[in-house]
Amino acid sequence: MKKEVRSAVIAGNWKMNKTPAETTQLINEMKPLVKDADCKVVLCVPFVDIDAAVKAAEGSNIEIGAENCHFKSSGAYTGEVSAEMLVACGVKYVVIGHSERRQYFGETDQTVNLRTKAALDAGLTAIVCVGETLEQRELGYTETLLKFQTKMALTNVSAEQLKNVIIAYEPVWAIGTGVTATAEQADEGNGYVRAAIAEAYGADVAETVTVQYGGSMNAKNADELLSMVNVDGGLIGGASLKAEDFSVIVKAASK
Ligand code: 13P
């Protein structure tokens with residue numbers, strides 16, 4: 001982390017877990033554990049849990065995010081939710097282009113870009129996910145792919161709007177597998193993302209962008225991962241569903 005130039009952000013991604021009642025309970029458990037955090041604390045929750053999450057987090061240092069948004073503000077898009085709708089519900093962040101959406105729901109670099117721009121236009125902070133598969137890594141394409149995905153996601157995003165962008169480097173092979181990238185691999189991947197931003201916006205701007213690592217980050221490995229200069233926080237799946245584990249990661253980012 002390099003807190004003197006960029007914000008440290010620990011964000012949970014609950015994926016398809018928790019009912020509204022469970023949401024209230026979990027956030028109430030987390031609040032006292034993370035109240036002294038010296039980093040931003042965000043929980044990205046399923047659409048149906050947003051109302052409960054916003055209410056439970058009120059008056060605390062926890063901010064609420066969603067896990068996706070559509071690129072139009074309204075219209076005939078059955079099953080979708082717009083960025084404006086999220087803002088109206090008290091949402092501040094939104095995860096865009098998670099590899100599970102790319103893998104299972106036909107998300108492409110182009111739709112990731114459209115959704116990112118829609119989120120930014122609506123005033124949300126976009127947490128844009130990039131990451132290589134194991135096959136791509138083994139073929140030696142990690143750097144090329146991360147730079148391509150990053151630049152595609154940020155096409156036509158202004159330097160001003162970039163202030164509301166977080167990039168999460170999530171190697172697909174490390175997500176939900178228990179196989180974490182080594183601290184060096186995480187730092188290298190995040191470094192490629194930062195280099196892509198530097199190529200597009202200049203090195204000074206790139207130095208200010210928060211780049212998270214995600215993929216089996218947990219209470220045990222958070223300290224080491226977050227000690228790396230290019231790792232400015234984490235996007236946490238499984239461990240964000242447990243108050244104690246999540247709070248240990250928040251504490252690691254608060255040092
Ligand atoms: P896990 O922490 O469960 O590996 O998930 C990471 C992730 O996909 C966060 O978006």
Side-chain angles (χ1 to χ4, degrees), residues 8-18 22-23 26 30 34 39-47 49-50 53 62-69 91-105 107 112 115-116 119 124-134 136-137 142 145-146 149-150 153 165-183 185-186 189-190 193 210-226 228 231-253:
V9 183
I10 297 296
N13 171 12
W14 284 7
K15 309 193 179 185
M16 196 171 72
N17 292 290
K18 303 294 174 189
E22 290 166 346
T23 297
L26 181 52
M30 282 179 177
V34 303
C39 65
K40 292 192 178 172
V41 183
V42 180
L43 294 173
C44 300
V45 305
F47 292 135
D49 296 329
I50 287 171
I62 297 175
E63 295 182 284
I64 302 304
E67 299 177 14
N68 186 27
C69 70
V91 166
K92 305 278 189 237
Y93 292 76
V94 62
V95 177
I96 304 279
H98 191 280
S99 67
E100 286 149 15
R101 297 219 43 94
R102 294 179 192 253
Q103 190 178 349
Y104 305 130
F105 302 103
E107 200 78 70
V112 168
R115 290 182 204 271
T116 300
L124 293 167
T125 294
I127 302 178
V128 180
C129 302
V130 299
E132 83 289 0
T133 63
L134 188 57
Q136 289 161 339
R137 171 167 283 266
T142 302
L145 190 97
L146 291 180
Q149 285 186 345
T150 302
V165 173
I166 293 169
I167 308 281
Y169 166 49
E170 298 208 313
V172 178
W173 47 271
I175 295 176
T177 56
V179 181
T180 317
T182 63
Q185 285 171 326
N190 283 26
V193 169
T210 296
V211 185
Q212 298 173 319
Y213 167 78
S216 299
M217 192 188 273
N218 59 38
K220 289 204 177 75
N221 60 29
D223 238 342
E224 195 188 353
L225 288 163
L226 293 166
M228 305 309 283
V231 180
D232 306 312
L235 187 56
I236 325 294
S240 73
L241 297 168
K242 296 176 196 145
E244 181 64 35
D245 288 17
F246 187 66
S247 74
V248 171
I249 300 171
V250 167
K251 283 183 186 115

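None of these values were measured; they are calculated from a predicted model. Read the numbers this way: they start at 1 and go in the same order the structure lists the ligands and their atoms.
Counting heavy atoms under 4.0 Å from ligand 1, residue Asn13 touches it through the side chain alone. At a heavy-atom distance under 4.0 Å, only backbone atoms of Ala174 (N, CA, C or O) approach ligand 1.
Between the side chains of Glu67 and His98, no donor-acceptor pair is found at a separation under 3.5 Å.
For ligand 1, the atoms sitting less than 4.0 Å from at least one non-hydrogen atom of Gly237 are 1 (P), 2 (O), 3 (O), 5 (O), 6 (C), 9 (C), numbered in the order shown with element in parentheses. The atoms of ligand 1 that sit less than 4.0 Å from any heavy atom of Lys15 are 5 (O), 6 (C), 7 (C), 8 (O). Numbered from 1 in the order shown, with element, the atoms of ligand 1 that lie under 4.0 Å from a heavy atom of Glu170 read 6 (C), 7 (C), 8 (O), 9 (C), 10 (O).
Considering backbone and side-chain atoms alike, Gly176 places an N or O below 3.5 Å from some N or O of ligand 1.
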Output, in order, the C-alpha distance, side-chain angles, deciding distance and verdict of side-chain contact (heavy atoms from CB on, under 4.5 Å) for Trp14 and Glu22.
CA-CA 12 Å; Trp14 284 7; Glu22 290 166 346; over 6 Å; no
For a side-chain contact (heavy atoms from CB on, under 4.5 Å) check, start with the C-alpha distance between Leu241 and Lys15, then their side-chain angles and the critical distance, and finish with the verdict.
CA-CA 10 Å; Leu241 297 168; Lys15 309 193 179 185; over 6 Å; no
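One N or O on the side chain of Ser216 and one on the backbone of Ala174 form a donor-acceptor pair closer than 3.5 Å.
Considering Pro171, Ser216, Ala11 only, the shortest heavy-atom separation from atom 1 (P) of ligand 1 involves Ser216.
Closest non-hydrogen pair, Ser240 versus Leu26, comes out as O-CD2, 4.1 Å. Of all the heavy atoms in Ala168 and Leu235, the pair that sits closest is CB-CD2, 3.8 Å.
At the shortest separation from atom 3 (O) of ligand 1 among protein heavy atoms lies Gly238 N, 2.9 Å.
Heavy-atom distances between Ala239 and ligand 1 stay at or above 4.0 Å for every pair.
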